[in-house]
Amino acid sequence: GMKVTLRYFASIRETIGHGHEILETDAATVDALREELLARGVAYQEALSANRAVRMALNQAVCEGTALLQDNCEVALFPPVTGG
């Protein structure tokens with residue numbers, strides 16, 4: 001497995017209840033990691049459910065769900081931009 005640092009922002013952080021955590025994962029991509037998080041419980045499902053347009057960044061660069069994870073990478077999850 002790999003160690004991945006997860007950072008949560010704004011409403012995602014509020015829903016999950018903390019701002020960051022370090023996870024051991026066998027997920028290959030950002031999307032696969034999100035699926036793993038969804039399996040962790042109701043708070044994660046509310047924050048990251050598939051029908052929410054969660055924005056994701058890998059090592060501080062906005063990425064697609066197909067982006068490949070690397071050991072010791074950082075994945076940030078942001079809520080969708082509202083208004084405008």
Side-chain angles (χ1 to χ4, degrees):
M2 293 182 288
K3 271 198 171 67
V4 175
T5 300
L6 286 150
R7 295 196 183 278
Y8 307 119
F9 293 90
S11 60
I12 293 176
R13 176 183 184 144
E14 287 159 32
T15 303
I16 290 173
H18 50 261
H20 72 277
E21 60 186 315
I22 294 173
L23 192 66
E24 281 272 350
T25 184
D26 292 318
T29 65
V30 174
D31 269 345
L33 179 66
R34 185 173 169 184
E35 290 295 320
E36 256 180 45
L37 291 172
L38 290 174
R40 297 182 76 186
V42 174
Y44 289 92
Q45 288 160 20
E46 276 185 29
L48 305 173
S49 64
N51 58 11
R52 293 198 67 196
V54 175
R55 292 183 299 143
M56 298 175 288
L58 180 62
N59 295 330
Q60 282 124 36
V62 174
C63 68
E64 296 297 316
T66 51
L68 294 174
L69 299 174
Q70 298 146 328
D71 199 20
N72 298 313
C73 66
E74 179 188 285
V75 175
L77 298 152
F78 306 85
V81 182
T82 52

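Note that this is a predicted model, so its numbers are computed, not measured.
By the side chain to side chain donor-acceptor pair (under 3.5 Å) test, T29 pairs with no residue at all, sequence neighbours left out. Partners of E64 by side chain to side chain donor-acceptor pair (under 3.5 Å), not counting sequence neighbours: none found. Remark: R55 engages no residue in a side chain to side chain donor-acceptor pair (under 3.5 Å) (not counting sequence neighbours). Residues that satisfy the ring pair (Phe, Tyr, Trp, His ring centres under 6.0 Å) test with Y44, not counting sequence neighbours, are absent from this structure. With sequence neighbours excluded, the residues satisfying side-chain contact (heavy atoms from CB on, under 4.5 Å) with D71 are M2, K3.
The shortest side-chain heavy-atom distance between R34 and V75 does not fall under the 4.5 Å cut-off. Proximity of V4 to E36: side-chain heavy atoms (C-beta onward) are nowhere separated by under 4.5 Å. When side chains are defined from C-beta on, L33 does not count as touching M56, because their heavy atoms never get closer than 4.5 Å.
If you run side chain to side chain contact (heavy atoms under 4.5 Å, CB included) between L6 and each of T25, L37, I22, only L37 comes through.
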Distance-only donor-acceptor pairs under 3.5 Å for side chains of residues 10-20, two or more places apart:
from, atom 1, to, atom 2, distance (Å)
T15, OG1, S11, O, 2.9
H18, NE2, E21, OE2, 3.3

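Here the shortest heavy-atom pairing between F9 and A76 reads CE1-CB, 3.7 Å. Among all heavy-atom pairs drawn from L48 and L77, the shortest one is CD2-CD1, 4.2 Å. V30 and C63 get closest at one heavy-atom pair: CG2-SG, 3.9 Å. The two residues L58 and A67 come nearest to each other via the heavy atoms CD2-CB, 4.0 Å.
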